[in-house]
Amino acid sequence: MKRGKVERKSLLAIYNRLLRSYGPREWWPAKTRFEVIVGAILTQNVSWHNAKIAINNLKRKELLLPKSMLKAPYRQIANCIKSSRFYNQKAKKLKTFCRYLALKYDGSLDKMFFKDMNLLRNELLDLKGIGKETADCILLYAGKKPSFVVDAYTKRFLARYGLGKEGASYDEIRRLFMENLPKNVYLYNEYHALIVHHCHFVCKSKPQCAICSVNQNCLGFTFSGSII
DNA sequence: GGCCAGGACACCA
DNA sequence: TGGTGTCATGGC
C-alpha cells in the first residue's frame, strides 16, 4: 500500500464513519482544565469508573484546585484517590505537578498553556509520573493543543483493523495520526474519544462486533495490511 | 477468587 | 534498547 494520500484518506474515512455512527463525544468528561489534568493522571492503568470515584472524593474535600491540592497533606490526597489504584504513587504525581505549576508558572494554567506545545510537552515529560500518554492528554484536552493521544484503546483499535504494525511504538502511532490528519484540535479530540467509545462501549458489549474482524466490520470498511 | 482496567518508572541484561 | 517487576482498587 502506498504511503501518503492513501493513509490520510483511510484515517479520515475511519474518523468520518465513527463520527456518523456515534456522533460527537465532546470530551474530556471534566468541568475544569485542572480536573482534566488530575483525571489524566488518575486514569493511568485503571478504568475511568475508578478514576472518577477518586475525582469525586477530591471534589468533596475541595482539593480539586492546584493551590488547595498543593497545600493538602500527601496522606489526605492518597486517601481520597484510593479507588484509582497505585494511590501512593499517584498522590506523589499530583503533588509533583502542582509543585511544578506553582514554581514555574505561579500556579497559572493560562501561563503554562501559553507555552509552545512541543516545549511544554518536553517539560511535562520531565516530570516524574507523567509519561507520553498523560502529557498528550493534558495538552489536547486541557490545553486545546493539537497533540494526538495514543492509549490502550488506540492500539487495540489499530490492531483490530489490522492497520497497525505489530509492536508499533507510541511515537510511531502518534506520528501516523499527526502526519496524516489535519492539525486540528477538534479532530484529534473527537477521534480519540470516538475510538475509546467504540472499543469500550460497543466492542465490549458485543464481543462479536464486526469491526474487530478484518474481513467484515460494522463500520463498513475492509482494510488489509498495515498502514504504518 | 480470578481477571481486567484509557501507565509510568526503576532496574537489569 | 527491550523485557520485567512494582505499584496495589473496584467491578464483574
Q. Please give, in whole Å, the distance from B:dA5 P to A:Ile41 CD1?
A. 22 Å

(Q) How many whole angstroms separate atom CD1 of A:Ile55 from atom P of C:dT9? (A) 18 Å

Q: Output the single nucleotide from B:dG7, C:dG11, B:dC9 whose closest atom is nearest the side chain of A:Lys128.
A: B:dC9

Q: Looking at every strand, decide which applies to A:Ile130 at a 4.0 Å heavy-atom threshold: base, sugar-phosphate, or nothing.
A: sugar-phosphate

Q: Whole angstrom is fine here: how far is it from CD1 in A:Ile77 over to P in C:dT9?
A: 18 Å

Q. Taking atom C1' of C:dA8 as reference, at what distance in whole Å does atom CG of A:Asn79 sit?
A. 14 Å

Q) CD of A:Gln44 versus C1' of C:dT6: gap in Å, rounded? A) 14 Å

Q. Sub-3.5 Å donor-acceptor pair from the side chain of A:Ser68 to the main-chain atoms of A:Glu62, do we have one?
A. yes

Q) Just checking A:Lys132: base, sugar-phosphate only, or nothing, at a heavy-atom cut-off of under 4.0 Å? A) sugar-phosphate

Q. Do we get A:Lys111 above A:Tyr105's six-membered ring, with its NZ or CZ under 6.0 Å from the centre and within 45° of the axis?
A. no

Q | Pairwise P distance, C:dG10 and B:dA8 [rounded to whole Å] | A | 22 Å

Q) Between residues 80-88 of chain A and DNA chain C, which residues have a heavy-atom gap below 4.0 Å? A) A:Lys82, A:Ser83, A:Arg85, A:Phe86, A:Tyr87, A:Asn88

Q | Touch class at under 4.0 angstrom, heavy-atom based, for A:Glu133 against every strand present | A | sugar-phosphate

Q. So, does A:Asn16 use its side chain to make a donor-acceptor pair with the main chain of A:Leu12 at under 3.5 Å?
A. yes

Q) Is a donor on one side and an acceptor on the other found under 3.5 Å between the side chain of A:Glu190 and the backbone of A:Leu19? A) no

(Q) For a side-chain contact (heavy atoms from CB on, under 4.5 Å) check, start with the C-alpha distance between A:Cys137 and A:Thr134, then their side-chain angles and the critical distance, and finish with the verdict. (A) CA-CA 5 Å; A:Cys137 273; A:Thr134 308; 5.6 Å; no

Q.
Using a 4.0 Å heavy-atom cut-off, does A:His49 contact any base of the nucleic acid, only the sugar-phosphate backbone, or nothing at all?
A. sugar-phosphate

Q: Ignoring hydrogens and angles, tell me if any N or O in the side chain of A:Lys90 forms a donor-acceptor pair with the backbone of A:Leu42 under 3.5 Å.
A: yes

Q. Do A:Arg75 side-chain atoms and A:Ala72 backbone N/O form a donor-acceptor pair below 3.5 Å?
A. no

(Q) Counting only side-chain nitrogens and oxygens, does A:Asn45 get under 4.0 Å of the OP1 or OP2 atom of B:dG7? (A) yes

**Q.** Between P of B:dC3 and CG of A:Asn50, the distance in whole Å
**A.** 18 Å

Q) What does A:Leu42 touch in the nucleic acid at a heavy-atom separation under 4.0 angstrom: a base, only the sugar-phosphate, or nothing? A) nothing

**Q.** Nearest-Å distance for atom pair NZ/P, residues A:Lys93 and B:dC9
**A.** 7 Å

Q.
Keeping A:Tyr191 on the side-chain end and A:Val149 on the backbone end, is there a donor-acceptor pair under 3.5 Å?
A. no

Q: Can you tell me the distance, in whole Å, between the CH2 atom of A:Trp48 and the C1' atom of B:dC4?
A: 18 Å

Q | 5' precedence on DNA chain B between A:Val196 and A:Leu125 (nearest-nucleotide basis) | A | A:Val196

Q.
Closest approach to the side chain of A:Thr134, judged atom by atom: which nucleotide of C:dT9, B:dG7, B:dA5 is it?
A. B:dG7

